[in-house]
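Reading through the structure tokens given below for one structure.
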Amino acid sequence: MTDLKITNDEEAMAFVEKYKAAKEFAEKNNSENEEKVKKWNKKNEDWLKKIKINNEAKVDFYKSQLDAYAMTLPQKTLDLPNILITHGTKQVISYPKDKAKLLEIAKKYSPDAIKTEENVNWSDIKKNLVFSKTGKAISKNGEVVKDIDAWEEEKTNITIR
């Protein structure tokens, strides 16, 4: 700061007091400012969260309007210059994600889907099943497979051009 030098004990004692005061002030000031920054960050996070929620709400609103319109159309595709909307259903299948349970099903209904290390792939099992209109999985032998269900789910695809 300056070229000031302590030359005697009295000056040293005076500097000790100034040093202690500066250190206490710095600790207090740093702590207070850290708290202010935390509050500002919290306010900024809250503000950003509100903006994100508002933006998502706008997007959801417009998408829901397009979805609703697509469902009223007799055809499954609406091809406009600025957007392509396709509407239809897709099959959704619920199956056990637990490998042991899936292996048990594969052993009974789709043994060829089992890998030599007793590992099973869902897509291999699915190839050996047929799904009824009621959503039941039926094996090649005509047996109803427990723990696997299917249903139709509305789905709309929107492509912005």
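For reference, positions follow the sequence shown, starting with 1. All values reported here derive from a predicted model rather than from experimental measurement.
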Qualifying residues under side-chain contact (heavy atoms from CB on, under 4.5 Å), relative to [X], sequence neighbours excluded:
{"X": "V16", "result": "K20"}
{"X": "I51", "result": "W47, N55"}
{"X": "T89", "result": "E152, E154"}
{"X": "Y19", "result": "K23"}

- Task: Take K49 and I53, measure what side-chain contact (heavy atoms from CB on, under 4.5 Å) needs, and give me the verdict at the end.
- Result: CA-CA 6 Å; K49 188 184 281 185; I53 289 169; 4.0 Å; yes

- Message: Is the shortest side-chain heavy-atom distance between L73 and H87 below 4.5 Å?
- Response: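 Sidechains of H87 and L73: no contact.
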
List in chain and number order the residues that pass side-chain hydrogen bond (donor to acceptor under 3.5 Å, both in side chains) with [X], two or more places apart in sequence or in another chain; answer none if no residue qualifies.
{"X": "K76", "value": "none"}
{"X": "N121", "value": "S123"}
{"X": "T72", "value": "none"}

Point-to-point distance, once rounded to the nearest 0.5 Å, from [atom1] of [X] to [atom2] of [Y]:
{"X": "S110", "Y": "L102", "atom1": "OG", "atom2": "CG", "answer": "9.5 Å"}
{"X": "E56", "Y": "K63", "atom1": "CD", "atom2": "NZ", "answer": "13.5 Å"}
{"X": "N128", "Y": "D112", "atom1": "CG", "atom2": "CG", "answer": "4.5 Å"}

Transitively linked via ILVMFWY side-chain contacts under 4.5 Å: [X] with [Y]?
{"X": "F131", "Y": "V92", "value": "no"}
{"X": "L78", "Y": "M71", "value": "no"}
{"X": "I93", "Y": "V130", "value": "no"}
{"X": "L80", "Y": "I85", "value": "yes"}

- Task: Could you walk me through whether K146 and Y109 pass side-chain contact (heavy atoms from CB on, under 4.5 Å), step by step?
- Result: CA-CA 10 Å; K146 293 180 184 175; Y109 300 106; 5.6 Å; no

- What salt bridge (Lys or Arg N to Asp or Glu O under 4.0 Å) pairs are there with at least one residue in residues 99-110, not counting sequence neighbours?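 Checked against salt bridge (Lys or Arg N to Asp or Glu O under 4.0 Å) - neighbours excluded - the pairs reaching residues 99-110 are K101-E104, K101-D147, K107-E118.
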
- Task: Would you confirm whether N8, through its side chain, and E10, through its main-chain N or O, come within 3.5 Å as a donor-acceptor pair?
- Result: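 Looks like yes, one N/O pair under 3.5 Å.
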
- Message: One pair to check against side-chain contact (heavy atoms from CB on, under 4.5 Å): T156 and L66. What are the steps and the verdict?
- Response: CA-CA 9 Å; T156 302; L66 291 167; over 6 Å; no

- Query: Among all residues two or more places apart in sequence or in another chain, which pass the salt bridge (charged side-chain N to carboxylate O under 4.0 Å, His left out) test with D46?
  - Reply: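 Listed in chain order: K42.
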
- Task: Return the set of residues passing salt bridge (charged side-chain N to carboxylate O under 4.0 Å, His left out) with K115 (not counting sequence neighbours), or none when no residue passes.
- Result: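 By the salt bridge (charged side-chain N to carboxylate O under 4.0 Å, His left out) rule, K115 matches D124.
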
- Crowded around K133 NZ? As in, over 12 foreign heavy atoms under 6.0 Å?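 At most 12 heavy atoms, drawn from other residues, nucleotides or ligands, come within 6.0 Å of this atom.
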
- Message: side-chain contact (heavy atoms from CB on, under 4.5 Å) for I138 and V144? Distances and angles first, verdict last.
- Response: CA-CA 5 Å; I138 314 274; V144 174; 4.0 Å; yes

- Task: Apply ring-ring contact (aromatic ring centres under 6.0 Å, His included) to Y95 and list each qualifying residue two or more places apart in sequence or on a separate chain.
- Result: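 Partners of Y95 under the ring-ring contact (aromatic ring centres under 6.0 Å, His included) test: W122.
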
Going by atom type alone, with no hydrogens or angles, which donor-acceptor pairs under 3.5 Å involve a side-chain atom of residues 30-41 and a protein atom two or more places apart or on another chain?
unit_1, atom_1, unit_2, atom_2, d
N30, ND2, A26, O, 3.2
N33, ND2, N29, O, 3.0
N33, ND2, N29, OD1, 2.6

